[in-house]
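Remarks on the structure that follows.
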Amino acid sequence: MRRKILIVDDDADLSEIIADMLEDYGYHVTKAGDAGAAFSLLAEQHFHLVLLDINLPDGTGFELCRELREVSTVPVIFASARTSETDRITGFDTGGDDYIPKPYSMKELLSRVNACIRRTYGFTEQEETVEFGDVEVNLAARTVTKGKEICSLSLKEFDLLACLCRHKNTAVSKEKLITEVWGTFSLVEPSTLTVHIRWLREKIEDNPAEPDYIKTVYKVGYMLEVKE
């Protein structure tokens, strides 16, 4: 499964070079030129890492990281020409996971990104296929079959099921599900999640009213129960 990285930097040429390099190594990269664009992207989708400049046209990376930390633990690597000890300390104090001064080599940046991804998500890739009952979910191909027949899911329905698959047999809070499926700064209400859970159950459960797989965890959220 390709990890998604958000680059927030007003240097479009540098962002393009970094994006090309990271995509060559299997990452999926999205670029934002200012804090406003970054907030919009973070509200729409989930990222596995944010590469963040400090000096932005409409604010600072410190401010963005501080707000991000109120709702998300996504890894943040500061990459900036500001190299003073005070700036580095501020970067870590606002929630940054690493700080790399400009100019830097692409090899060093890649190494730091890989290390941050490993620390956060583990050394091994998530399994690409999850099976339960007569349902098979292929996370890489984004397909779902039930009884060998293709199960048609909407984009958000699949993203929700994929999130449950990645955390199978573990209770996932409603807040975490909303963040990972709809975006960090999303204004989606919990009722929207409830509706999507109901739709998923109707498509993959034999008896949606008494689900065998997508279980409600009282006062927490939901869990995909998969017998190992």
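Considering only heavy atoms from C-beta on, Asp159 comes within 4.5 Å of Arg142 through its side chain. Residues Asp206 and Lys146 have side chains in contact (heavy-atom distance under 4.5 Å, counting atoms from C-beta outward). In this structure, the side chains of Ile77 and Cys116 come closer than 4.5 Å at one or more pairs of heavy atoms. Side-chain contact between Ile7 and Phe47: absent, with no pair of heavy atoms (C-beta onward) separated by less than 4.5 Å.
With rounding to the nearest 0.5 angstrom, the NZ atom of Lys174 is 10.0 Å from the OG atom of Ser191. Put simply, NZ on Lys203 and CG on Leu161 are 11.0 Å apart, with the number rounded to the nearest 0.5 Å. Taking CG of Leu224 as the reference point, atom CD1 of Ile204 lies at 7.0 Å (rounded to 0.5 Å). Arg2 contributes atom CZ, which lies 6.0 Å from atom CD of Glu23 (distance to the nearest 0.5 angstrom). For the atom pair Ile197 CD1 and Glu202 CD, the distance stands at 11.5 Å (nearest 0.5 Å). With rounding to the nearest 0.5 angstrom, the CD1 atom of Ile17 is 11.5 Å from the CG atom of Leu109.
If you look at Phe92 and Phe78, their ring centroids are not closer than 6.0 Å.
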- Task: Test side-chain contact (heavy atoms from CB on, under 4.5 Å) on Val113 and Ser111 and set out the steps.
- Result: CA-CA 6 Å; Val113 167; Ser111 178; over 6 Å; no
- Stepwise, does the side-chain contact (heavy atoms from CB on, under 4.5 Å) test hold for Ile5 with His48? CA-CA 6 Å; Ile5 296 177; His48 296 96; 5.8 Å; no
- side-chain contact (heavy atoms from CB on, under 4.5 Å) between Val76 and Thr94, intermediate numbers included: CA-CA 10 Å; Val76 173; Thr94 56; over 6 Å; no
- Let me see the working for Tyr213 and Val226 under side-chain contact (heavy atoms from CB on, under 4.5 Å), right down to the final yes or no. CA-CA 7 Å; Tyr213 310 114; Val226 177; over 6 Å; no
Show me the donor-acceptor pairs, under 3.5 Å and distance only, between side chains in residues 180-190 and residues at least two apart or in other chains.
| unit_1 | atom_1 | unit_2 | atom_2 | d |
| --- | --- | --- | --- | --- |
| Glu180 | OE2 | Lys176 | NZ | 2.9 |
| Ser186 | OG | Val188 | N | 3.1 |

Distance-only criterion, 3.5 Å: show the donor-acceptor pairs between side-chain atoms of residues 50-58 and protein atoms not counting sequence neighbours.
| unit_1 | atom_1 | unit_2 | atom_2 | d |
| --- | --- | --- | --- | --- |
| Asn55 | OD1 | Arg82 | NH1 | 2.9 |
| Asp58 | OD1 | Ala35 | N | 2.9 |
| Asp58 | OD2 | Ala35 | N | 3.4 |
| Asp58 | OD2 | Gly36 | N | 2.9 |

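Members clustered with Trp199: Val195, by chain and number, using a 4.5 Å side-chain heavy-atom cutoff among hydrophobic residues. Taking Ile, Leu, Val, Met, Phe, Trp and Tyr as hydrophobic and joining them when side-chain heavy atoms fall under 4.5 Å apart, one finds Val220 in a cluster with Val217, Met223. Other members of the cluster containing Ile89 do not exist, because no ILVMFWY side chain is joined to it at under 4.5 Å.
Salt-bridge formation is not detected for the pair Asp97/Arg112: no Lys NZ or Arg NE/NH1/NH2 atom is positioned less than 4.0 Å from an Asp or Glu carboxylate oxygen. Residues Arg201 and Asp212 are not paired through a salt bridge, judged by the lack of any N-O separation under 4.0 Å between the basic side chain and the carboxylate. Asp20 and Lys31 are not joined by a salt bridge, as no carboxylate oxygen comes within less than 4.0 angstrom of a charged side-chain nitrogen.
Nearest approach of Thr129 to Glu136, heavy atoms of both residues: CG2-CG, 3.5 Å. The heavy-atom pair separating Asp9 from Lys102 by the smallest distance is OD2-NZ, 2.8 Å. A pairwise comparison of heavy atoms in Gly95 and Cys65 identifies C-SG, 3.8 Å as the closest pair. Here the closest heavy-atom approach between residue Leu139 and residue Phe158 is recorded as CA-CZ, 4.2 Å. In terms of heavy-atom proximity, Ala32 sits nearest to Ala38 at CB-N, 3.7 Å.
For the side chain to side chain contact (heavy atoms under 4.5 Å, CB included) test, residues two or more places apart in sequence or in another chain that qualify with Thr143 are Asn138, Ala141. Residues passing the side chain to side chain contact (heavy atoms under 4.5 Å, CB included) test with Ser40: none are found, sequence neighbours excluded. Residues passing the side chain to side chain contact (heavy atoms under 4.5 Å, CB included) test with Glu175 are Ser173, sequence neighbours excluded. Partners of Glu85 under the side chain to side chain donor-acceptor pair (under 3.5 Å) rule, at least two apart in sequence or in another chain, do not exist in this structure. Asp10 meets the side chain to side chain donor-acceptor pair (under 3.5 Å) test with no other residue; sequence neighbours excluded. Residues satisfying the side chain to side chain contact (heavy atoms under 4.5 Å, CB included) test with Ser152, not counting sequence neighbours, are none. Applying the side chain to side chain donor-acceptor pair (under 3.5 Å) criterion to Gln45, with sequence neighbours excluded, gives Lys4.
With hydrogens and angles left out, the side-chain atoms of Tyr27 and Asn114 include a donor and acceptor closer than 3.5 Å. Side-chain contact check for Ser84 and Asp87: at least one donor-acceptor pair (N or O, by modelled atom type) lies under 3.5 Å.
Taken together through direct or relayed side-chain contacts under 4.5 Å among Ile, Leu, Val, Met, Phe, Trp and Tyr, Tyr25 and Tyr104 form part of one hydrophobic cluster.
Just one residue in the list Thr120, Leu68, Leu6, Thr179 forms a side-chain contact (heavy atoms from CB on, under 4.5 Å) with Val74, and that residue is Leu68.
Within the 3.5 Å criterion, the main-chain N or O of Lys215 finds no donor-acceptor partner in the side chain of Glu225.
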